[in-house]
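Numbers here simply count residues along the sequence, with the first being 1.
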Amino acid sequence: MIERNSEGQALDLNLIRVIRNMVDALYGSLERDIESYGLHMETFQILEFLYNRGPHPIQIISDTFSIPTGSITYVVDKLEKKSFVERQPIPGDRRKTNVALTEEGRSYFDHIFPKHVQKISENLSYVTDDEKLELIGLLKKIGYGISNRQADAAGKGSNPL
């Protein structure tokens, strides 16, 4: 870990403010886009998950988004009433069901998802592809560094032997 002087710490604080403001602006834009389709963020996330990854049990969806299963069940119930998803039995386990997009749900998402991806691209069009690749690398470096330090502090760091 690098020791930071007051100048370095001021730079760190400025970087955090810039990241927070950018994330607020980006996610605000994306949330407004999602709402323009009459959806809430959680609903869109579940539809997008099922659209790209196929049928999954509610527990897996809940774990993926760190949303309580009761909340996921509520959203799935609402999507089921709109005929966007259906529950499918899991062979061999009568207690669990998969949630899957219906044809109507897939058709709906086929219509809105490309528009949403276009909105993401518009929001990120202020930097070049090379800058995006560089930013991805830098953000991963920060994220992995934080994760490794937390693991080391918890005594779960990797053993180099």
side-chain contact (heavy atoms from CB on, under 4.5 Å) between Leu13 and Gln9, intermediate numbers included: CA-CA 6 Å; Leu13 290 172; Gln9 289 176 344; 5.6 Å; no
Distance in Å, Leu15 CG paired with Arg20 CZ, rounded so as to fall on 0.5 Å steps: 11.5 Å
Hydrophobic cluster membership, Leu138 vs Tyr144, 4.5 Å side-chain cutoff: no
Separation between CG of Leu11 and CD1 of Ile16, rounded to the nearest 0.5 Å: 10.5 Å
Step-by-step side-chain contact (heavy atoms from CB on, under 4.5 Å) determination, Val75 to His40: CA-CA 10 Å; Val75 173; His40 296 284; over 6 Å; no
Lys119 to Ser29 - nearest heavy-atom pair and separation: CD-OG, 3.9 Å
Closest approach of Ile90 to Pro57 (non-hydrogen atoms, all atoms of both residues): CD1-CG, 4.1 Å
ILVMFWY network linking Leu124 to Leu133, side-chain heavy atoms under 4.5 angstrom: no
Stepwise side-chain contact (heavy atoms from CB on, under 4.5 Å) check, Phe113 with Asn52: CA-CA 10 Å; Phe113 192 61; Asn52 287 308; 3.9 Å; yes
Heavy-atom side-chain contact between Gln150 and Ile146 under 4.5 Å: yes
Note, Glu42 side chain near Ile67 side chain (heavy atom, < 4.5 Å): yes
Atom pair CZ/CD of Arg53 and Glu48 - distance to nearest 0.5 Å: 7.5 Å
Rounded distance [0.5 Å steps], CG in Leu135 versus NZ in Lys140: 11.5 Å
ILVMFWY cluster, Tyr51 and Ile58 together (side-chain gap under 4.5 Å): yes
Phe44-His116 aromatic ring centre distance below 6.0 Å: yes
Validation row: Ile46, Leu79 side chains within 4.5 angstrom (heavy atoms): yes
Mind listing the side-chain donor-acceptor pairs of residues 96-103 below 3.5 Å, one per line with the distance, residues two or more places apart or on another chain?
from	atom 1	to	atom 2	distance (Å)
Thr102	OG1	Ser83	O	2.5
Thr102	OG1	Phe84	O	3.2
Thr102	OG1	Glu104	N	3.4
Thr102	OG1	Gly105	N	3.0

Non-neighbouring partners of Phe49 that pass ring pair (Phe, Tyr, Trp, His ring centres under 6.0 Å), sequence neighbours left out: His56, Phe65
Spacing of Arg106 atom CZ and Leu47 atom CG [to the nearest 0.5 Å]: 10.5 Å
ILVMFWY network linking Val117 to Leu39, side-chain heavy atoms under 4.5 angstrom: yes
Same apolar cluster: Leu139 and Met22, side chain cutoff 4.5 Å: no
Spacing of CD1 belonging to Ile19 relative to CG belonging to Asn14, to within rounding of 0.5 Å: 10.0 Å
Short N-O contact, Arg149 and Asp152, less than 4.0 angstrom: no
Pair Ile120-Asp33, side-chain contact (heavy atoms from CB on, under 4.5 Å): steps then yes or no: CA-CA 10 Å; Ile120 292 170; Asp33 182 60; over 6 Å; no
